[in-house]
Amino acid sequence: MKTVIVKMRDGIDEAGICRAGEILRSGGLVAFPTETVYGLGANALDAEAAGKIYRAKGRPSDNPLIVHIADWDAIRKIAIDIPAEAKRLADAFWPGPLTMILKKSDAVPFATTGGLDTVAVRLPGNAAARALIRAGGGYVAAPSANTSGRPSPTKAEHVVQDMDGVIDMIIDGGDVEIGIESTIVDLTDEAPTILRPGYISREMLGRVLGTVEVDRALTSEDESLRPKAPGMKYRHYAPRAQLFIVQGTQRQVREKINELAAANAAAGRSTGVIGTDESREYYANALVKSIGSRQDESSIARHLYGILREFDDSEVSVIYSEAFDTPQLGQAVMNRLIKAAGHQIILCGI
Ligand code: TXA
Ligand code: MG
């Protein structure tokens with residue numbers, strides 16, 4: 001299949017959106033930018049179209065898709081028993097990086113929800129995404145536009161790497177703003193519960209809803225607990241090189257990584273380091289990449305997935321990453337990084 005790439009870096013190209021909408025309405029696949037990561041879209045109300053997403057990504061069929069809408073009123077067709085909390089959250093955070101789990105209506109096929117009787121709904125903050133959703137009929141199922149098991153795409157080039165020749169169209173909107181997938185909050189349980197941390201933090205949700213729980217499977221050491229978002233049970237992404245997170249004071253971490261890198265070099269193994277603008281000059285014997293600045297935590301979230309992809313294109317056999325427990329985004333960043341590292345953490349000073 002020939003994949004058409006349409007550039008929309010400087011605003012919306014109406015003709016391109018119109019063509020993309022036709023593809024979606026006739027059951028095809030279009031990748032598009034959102035404010036979080038690139039999505040791989042299909043008509044959410046068409047079981048066959050949704051099925052194509054699973055095949056293009058190599059995604060397990062029990063992992064449900066998020067349905068993207070372009071305005072609040074669209075929610076009534078796909079969800080039932082919508083609680084008052086949903087409107088309050090929408091007023092506070094939509095359009096934006098928040099996904100709500102609600103009871104699904106009969107309009108949504110089980111192919112889209114991975115067999116569940118709930119549906120994930122999001123109204124994205126990116127204007128081109130909303131234009132595409134409207135052109136495509138109003139309901140676009142979209143997981144992140146990566147091959148299953150690779151990091152989510154944060155620029156169109158990443159989508160091209162994974163999806164060229166596999167899908168009908170890629171809309172190139174340049175680099176995304178946030179770089180980490182949306183916060184998922186479940187409103188079908190007794191108390192609102194975070195199933196996946198993201199840019200909208202627990203504190204931000206709490207200001208609107210009062211108490212907000214966090215799915216215990218996200219933080220517990222008990223591996224028998226199953227995450228309530230089926231996708232969270234998958235490792236998601238294992239870099240080609242072994243990845244370790246090194247935790248401790250800034251000084252301990254730098255010394256530990258240098259010690260390990262020197263030992264690797266002596267053994268003929270090459271080392272990669274994920275540091276920051278502030279720390280990168282302290283490291284030796286390694287390929288050092290800066291993820292961003294600790295003064296600007298959004299830069300760390302934005303570059304995480306891209307840096308992991310870059311290391312896959314290098315020759316390093318082991319990567320050490322600093323920990324990034326920053327105030328607002330730290331939870332989301334560390335959730336993704338710990339999964340990529342397969343929970344391999346080196347604690348300094350213990
Ligand atoms: O920021 C985002 O949310 C991006 C952009 C493209 O919007 N999308 C995204 O989709 O991250 P995906 O498919 O990569 O992740 C969706 C997550 C999975 O962990 C899935 O299991 C969970 O949402 N999910 C979807 N529907 C659900 C449901 N009904 N109940 C519980 N979890 C659900
Ligand atoms: Mg994903």
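Predicted model, so just to flag it, every value in this text is computed and none were measured. All ligand and atom numbering here is 1-based and tracks the order in the structure.
Between T34 and ligand 1, no pair of N/O atoms sits closer than 3.5 Å.
For P124, the heavy-atom gap to ligand 1 stays at 4.0 angstrom or more. T113 does not count as a contact of ligand 1, since none of its heavy atoms falls under 4.0 Å from the ligand.
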* To do: Begin from the C-alpha positions of T112 and Y139 and carry the test side chain to side chain contact (heavy atoms under 4.5 Å, CB included) through to its verdict.
  => CA-CA 11 Å; T112 297; Y139 300 91; over 6 Å; no

* Asked: Going through the checks in order, is the salt bridge (charged side-chain N to carboxylate O under 4.0 Å, His left out) test met by E259 and K256?
  -> CA-CA 5 Å; E259 185 190 310; K256 185 71 184 176; 3.7 Å; yes

* Asked: Taking it one step at a time, do S182 and R196 satisfy side-chain hydrogen bond (donor to acceptor under 3.5 Å, both in side chains)?
  -> CA-CA 8 Å; S182 61; R196 177 173 75 179; 3.2 Å; yes

* After noting the C-alpha distance and the side-chain angles of E181 and R122, does the key distance pass the salt bridge (charged side-chain N to carboxylate O under 4.0 Å, His left out) rule? -> CA-CA 11 Å; E181 304 86 345; R122 173 159 122 77; over 6 Å; no

* **Stepwise side-chain hydrogen bond (donor to acceptor under 3.5 Å, both in side chains) check, Q242 with S317** => CA-CA 6 Å; Q242 282 230 65; S317 52; over 6 Å; no

* Which is it for D162 and R309 under the salt bridge (charged side-chain N to carboxylate O under 4.0 Å, His left out) test, yes or no, and what are the steps along the way? -> CA-CA 11 Å; D162 288 10; R309 279 186 184 251; 2.9 Å; yes

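Scanning the protein heavy atoms around atom 8 (N) of ligand 1, the nearest turns out to be A142 O, 3.8 Å. In terms of protein heavy-atom proximity, atom 7 (O) of ligand 1 is nearest to H68 NE2, 2.7 Å. Taking atom 27 (C) of ligand 1 as the reference point, the nearest protein heavy-atom neighbour is P64 CG, 3.3 Å. The protein heavy-atom contact nearest to atom 5 (C) of ligand 1 is T36 OG1, 3.6 Å. The single protein non-hydrogen atom nearest to atom 19 (O) of ligand 1 is G231 CA, 3.2 Å, given as residue, atom name and distance. The closest protein non-hydrogen atom to atom 20 (C) of ligand 1 is N63 OD1, 3.2 Å. Counting protein heavy atoms only, atom 15 (O) of ligand 1 is closest to R196 NH1, 3.1 Å. Nearest to atom 14 (O) of ligand 1 among the protein's heavy atoms is S144 OG, 3.0 Å.
Heavy-atom proximity to P230, at under 4.0 Å, picks out these atoms of ligand 1: 21 (O), 31 (C), 32 (N). Close approach of ligand 1 to I184 (heavy-atom distance below 4.0 Å) involves ligand atoms 17 (C), 22 (C), 23 (O). Within the listing of ligand 1, atoms 28 (C), 29 (N), 30 (N) sit less than 4.0 angstrom from a heavy atom of L116. Remark: ligand 1 atoms within the under-4.0 Å shell around heavy atoms of G39 are 6 (C). Within the listing of ligand 1, atoms 31 (C) sit less than 4.0 angstrom from a heavy atom of K228.
For atom 16 (C) of ligand 1, the nearest non-hydrogen atom from the set I66, T118, L40 belongs to I66. Of the options R122, E181, R59, the smallest heavy-atom separation from atom 13 (O) of ligand 1 is shown by R59. The closest non-hydrogen atom to atom 28 (C) of ligand 1, taken over I101, V140, L98, comes from I101.
At a threshold of 4.0 Å, the pair K87-D91 counts as salt-bridged, since one of the basic side-chain nitrogens sits closer than that to a carboxylate oxygen. Salt-bridge formation is not detected for the pair E213/K228: no Lys NZ or Arg NE/NH1/NH2 atom is positioned less than 4.0 Å from an Asp or Glu carboxylate oxygen. No salt bridge links K52 with D168; every basic N to acidic carboxylate O contact stays at or beyond 4.0 Å.
With hydrogens and angles ignored, the 3.5 Å screen pairs no side-chain donor or acceptor of R130 with any backbone N or O of A70.
Within the 4.0 Å heavy-atom criterion, both parts of S182, backbone and side chain, lie near ligand 1. Residue contacts with ligand 1, taken as heavy atom pairs separated by less than 4.0 Å, do not involve D186 at all.
None of the N, O or S atoms belonging to N146 lies under 2.8 Å away from the Mg ion (ligand 2).
Residues S290 and D277 have side chains that bring a donor and an acceptor to within less than 3.5 angstrom of each other.
The cationic atom of K104 (NZ for Lys, CZ for Arg) lies less than 6.0 Å from the six-membered ring centre of F110 and within 45° of the ring axis.
Between F32 and H68, the two ring planes are perpendicular [angle over 60°; tilted spans 30° to 60°].
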